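One structure, as structure tokens, below. Some questions next.
Not measured: the values here are computed from a predicted model.
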Amino acid sequence: MNATPTHKDSPSRTALVEELMGRFPHVPREAVIKEDLLRGGMAFDESALSGTADGGSGDVKPKSYFIFSFDHRTLPELGAAALNRPPEEIVLTGGPYDLRRTVVSVRVNPDSPYVVRGDEEGALGLYLDGRRIADVGLPPMPEYYRHTLSNGKSVMEVAPTIQWGYLIYLTVFRVCQYFGAKEECQFCDINHNWRQHKAAGRPYTGVKPVEEVLEALEIIDRYDTAGTSRAYTLTGGSITSKVAGRDEADFYGHYAQAIEERFPGRWTGKVVAQALPRDAVQRFHDHGIRIYHPNFEVWDRRLFQLHCPGKERYVGRDEWHRRILDSTEVFGPRNVIPNFVAGIEMAEPFGFTKVDEAIASTQEGLRFFMSHGVVPRFTTWCPEPTTPLGKANPLGAPLEYHIRLLETYRATLEEFGLSSPPGYGPAGPGRAVFSVSSFMDSLEGLEQPES
């Protein structure tokens, strides 16, 4: 790999990125750039937008808004990007940092120092502080997106794919029953995202009928001839009472049961749900789910109570963690993969003010779970503007926190002799497809072959 370029007169963002690359040489440069894009977003020249407002036309796979907005502005504030969608993801290569292939989820921020635009010949590049730092590839429109369900709905609306086509993301319940300031997680915009899409007149089904999901999957199965899609995730808002007469385990589980009966073994089934009692978790497994994501969001006790008031009220942090460990008796430790939202540890007004303190807290949580054979994963926090934490922290967490987290995460895996979790595709720079954080990009040599 080329030596890191130095620019004495560089604008501050370039200088910070290169300084962190130098301070943390064991963290892949690809991950440094990717984390900065995920935490702060990217801007798009109009020539770099997908060219489509729906899910089936054009040559570029458009952003599907599969669960959250993952944007730094609301749809009315995005201008052309709201009408002529940005791509779902981009892939970075080359440039002065000699980047290996890096898949990055698109989070739009018109004020970002990172801009995707074409050069004089139309070749897309990523520009930082006005300087081209990488070539940009766009995801091609998959053939299955060009076909509609019998009722006219697009496959993208019902069963969008992310991670460069690896994962089918089935948000079958698009609102959350933790509702209002006293219950909603303070970093989460799932309810607002539903409202803004409905207000914009976009198709955005609140509860997806199982028949529509199966029809969309049939289209994907028929046209995904390369077998790129390898897993599906069933998820949506938390259910504190019932939806369509079912509690949370049965609601999400009945989709899995139908999928596994129709497509036995075609995809690895995953579910993102609350930390539920063991008998409910067993129902997930009985319905065909093989990977369980009972997300713990943030480790620190005080921050969990403040940032996740609904989860604290209905379940409580200690019980949440007990249920995570209990679920390993059903799925096995390797197949229980709780997510946390990396960065909210440092969110004002309640978060840690020093990177050292935030990393120490998060590492405590990693060691707790990994000592039981459970490997958490994380999503890089996007401070969406309609959330309390996003409003108070428009710049998110410091980039240094995210880079040191990658270093700490890998070191803790090595400490406990663990490997990358299943269901996320390949690990390592140039190979990873997981697009909403860089943890898989940073685990070269720690990959466990998927079963």
Can you find a heavy atom in the side chain of S69 that is under 4.5 Å from one in the side chain of Q196?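 Sidechains of Q196 and S69: in contact.
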State the CG-CG distance between L16 and L128, to the nearest 0.5 angstrom.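 It is 10.0 Å, given to the nearest 0.5 Å.
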Taking the side chain as everything from C-beta on, heavy atoms only, tell me whether H402 gets closer than 4.5 Å to D36.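 Sidechains of D36 and H402: no contact.
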Regarding R317 and D300, does a basic nitrogen lie under 4.0 Å from an acidic carboxylate oxygen?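 Salt bridge between R317 and D300, a charged N being under 4.0 Å from a carboxylate O: no.
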Of K63, R85, R107, the residue whose pairing with D71 passes salt bridge (Lys or Arg N to Asp or Glu O under 4.0 Å):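 With D71 as partner, salt bridge (Lys or Arg N to Asp or Glu O under 4.0 Å) holds for just one option, K63.
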Could you check whether the rings of F68 and F70 sit parallel, tilted or perpendicular, using 30° and 60° as the cut-offs?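 Rings of F68 and F70: perpendicular, over 60°.
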State whether a side-chain donor-acceptor pair under 3.5 Å links T14 with D129.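 Note: T14 and D129 side chains meet the donor-acceptor criterion.
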Taking all atoms of both residues into account, what is the closest heavy-atom pair of A31 and I403, and its distance?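 In terms of heavy atoms, the two residues are closest at O-CD1, 4.4 Å.
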With side-chain hydrogen bond (donor to acceptor under 3.5 Å, both in side chains) as the rule and sequence neighbours excluded, what pairs involving residues 347-357 come up?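 Listed by first then second residue: D356-R404.
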Below 4.5 Å, heavy atoms only, C-beta onward: do V91 and T102 meet side chain to side chain?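 They are not in side-chain contact.
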Can you confirm whether the side chains of W164 and S435 place a donor and an acceptor under 3.5 Å from each other?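 S435 and W164 do not have a side-chain donor-acceptor pair below 3.5 Å.
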Would you check if there is a donor-acceptor pair between the side chains of Y114 and N109 at a distance under 3.5 Å?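 No pair is found: no donor N or O on one side chain lies under 3.5 Å from an acceptor on the other.
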Any side-chain donor paired with an acceptor under 3.5 Å for E46 and N84?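 No donor-acceptor contact under 3.5 Å links the two side chains.
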Modelled atom types, side-chain donor and acceptor of E77 and T74, under 3.5 Å: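 On atom types as modelled, these side chains qualify, holding a pair under 3.5 Å.
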Would Y424 and F439 count as a ring pair (Phe, Tyr, Trp, His ring centres under 6.0 Å) here? Give the steps. CA-CA 10 Å; Y424 290 91; F439 87 91; 5.8 Å; yes
Donor + acceptor pair across side chains of S361, E345 (<3.5 Å):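 Per modelled atom types, S361 and E345 side chains form no pair under 3.5 Å.
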Is it the case that E364 and W299 place a side-chain donor and acceptor less than 3.5 Å from each other?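 Yes.
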Are T380 and E35 close enough that a side-chain donor and a side-chain acceptor fall under 3.5 Å?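 Checked: T380/E35 side chains pair up, N/O donor to acceptor below 3.5 Å.
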Looking at E89 and P139, what are the two nearest heavy atoms and their distance?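 Minimum heavy-atom contact is O-CD, 2.9 Å.
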Would you call Y97 and E18 a side-chain contact if the rule is heavy atoms closer than 4.5 Å?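 Result yes, sub-4.5 Å side-chain heavy-atom pair found.
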Take the angle between the ring planes of Y409 and F378 and call it parallel below 30°, perpendicular above 60°, tilted in between.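 Ring orientation of Y409 relative to F378: perpendicular.
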Using side-chain heavy atoms (C-beta onward) and a distance below 4.5 Å, is Q186 in contact with C308?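 Side-chain contact under 4.5 Å: no.
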Side chain to side chain, T233 and I168, heavy atoms closer than 4.5 Å: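 Of all side-chain heavy-atom pairs linking I168 with T233, none is under 4.5 Å.
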For a quick check under 3.5 Å, do Y166 and R230 share a side-chain donor-acceptor pair by atom type?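 The answer is no; no qualifying pair exists.
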Does a side-chain N-to-carboxylate-O contact under 4.0 Å join R431 and E447?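 Looking at E447 together with R431, the answer is yes, because their closest N to O distance falls below 4.0 Å.
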P398 to M346 - nearest heavy-atom pair and separation: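 Nearest pair, atom of P398 first, then M346: CD-SD, 3.7 Å.
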Show your reasoning for whether salt bridge (charged side-chain N to carboxylate O under 4.0 Å, His left out) applies to R100 and E30. CA-CA 7 Å; R100 291 162 286 187; E30 294 83 359; 2.9 Å; yes
Before giving the answer on ring pair (Phe, Tyr, Trp, His ring centres under 6.0 Å), spell out for H287 and Y252 the whole-Å C-alpha distance, their side-chain angles and the decisive distance to 0.1 Å. CA-CA 9 Å; H287 288 317; Y252 291 114; over 10 Å; no
Ring pair (Phe, Tyr, Trp, His ring centres under 6.0 Å) assessment of Y178 paired with Y314: CA-CA 9 Å; Y178 291 140; Y314 282 87; 5.4 Å; yes
From CG (L38) to CG (L399), nearest 0.5 Å: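 CG of L399 is found 10.5 Å from CG of L38.
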Aromatic contact between Y169 and Y232, with the criterion being ring centroids under 6.0 Å apart: yes or no?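 Ring centroids of Y169 and Y232 are no less than 6.0 Å from each other.
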Test: R29 and D98 ion pair at under 4.0 Å: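 No, this pair does not count.
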For D318 and R323, run salt bridge (charged side-chain N to carboxylate O under 4.0 Å, His left out): C-alpha distance rounded to whole Å, both residues' side-chain angles, the deciding distance at 0.1 Å, then the answer. CA-CA 9 Å; D318 292 343; R323 290 178 180 184; over 6 Å; no
Testing L49, V116, L75, L78 for side chain to side chain contact (heavy atoms under 4.5 Å, CB included) with V108, which one passes?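 Among the candidates, only L78 passes.
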Within a strict 4.5 Å, meaning less than it, do heavy atoms of the Q163 and F434 side chains meet?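 They are in contact (side-chain heavy atoms under 4.5 Å apart), so the answer is yes.
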So, Y292 versus F284, ring centres under 6.0 angstrom or not?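 Y292 vs F284: aromatic centres under 6.0 Å.
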Side chains of K391 and T386: any donor to acceptor distance under 3.5 Å?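 No pair is found: no donor N or O on one side chain lies under 3.5 Å from an acceptor on the other.
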What distance do F187 atom CZ and C382 atom SG have between them, rounded to the nearest 0.5 Å?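 The SG atom of C382 is 12.5 Å from CZ of F187, to the nearest 0.5 Å.
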Would you mind checking if K242 and D250 are paired as a salt bridge, meaning a charged N to carboxylate O distance below 4.0 Å?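 Salt bridge: no.
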Cationic N near anionic O, under 4.0 Å, R313 to E319: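 Result for this pair is no, no salt bridge flagged.
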To check you understand the geometry: which heavy-atom pair defines the closest contact between E184 and N191, and what is its length?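 Nearest heavy atoms, E184 then N191: OE2-ND2, 2.9 Å.
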E329 bridged to R278 by N-O distance under 4.0 Å: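 Salt bridge present between E329 and R278.
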Quick one: does F44's side chain get under 4.5 Å of V115's, heavy atoms only?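 A side-chain contact is absent here, since even the closest heavy-atom pair is not under 4.5 Å.
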Determine, for E415 against R367, whether the closest basic-nitrogen to carboxylate-oxygen distance falls under 4.0 angstrom.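 Salt bridge between E415 and R367, a charged N being under 4.0 Å from a carboxylate O: yes.
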Do the ring centers of H285 and F331 come within less than 6.0 Å of each other?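 Yes; F331 has its ring centre under 6.0 Å from that of H285.
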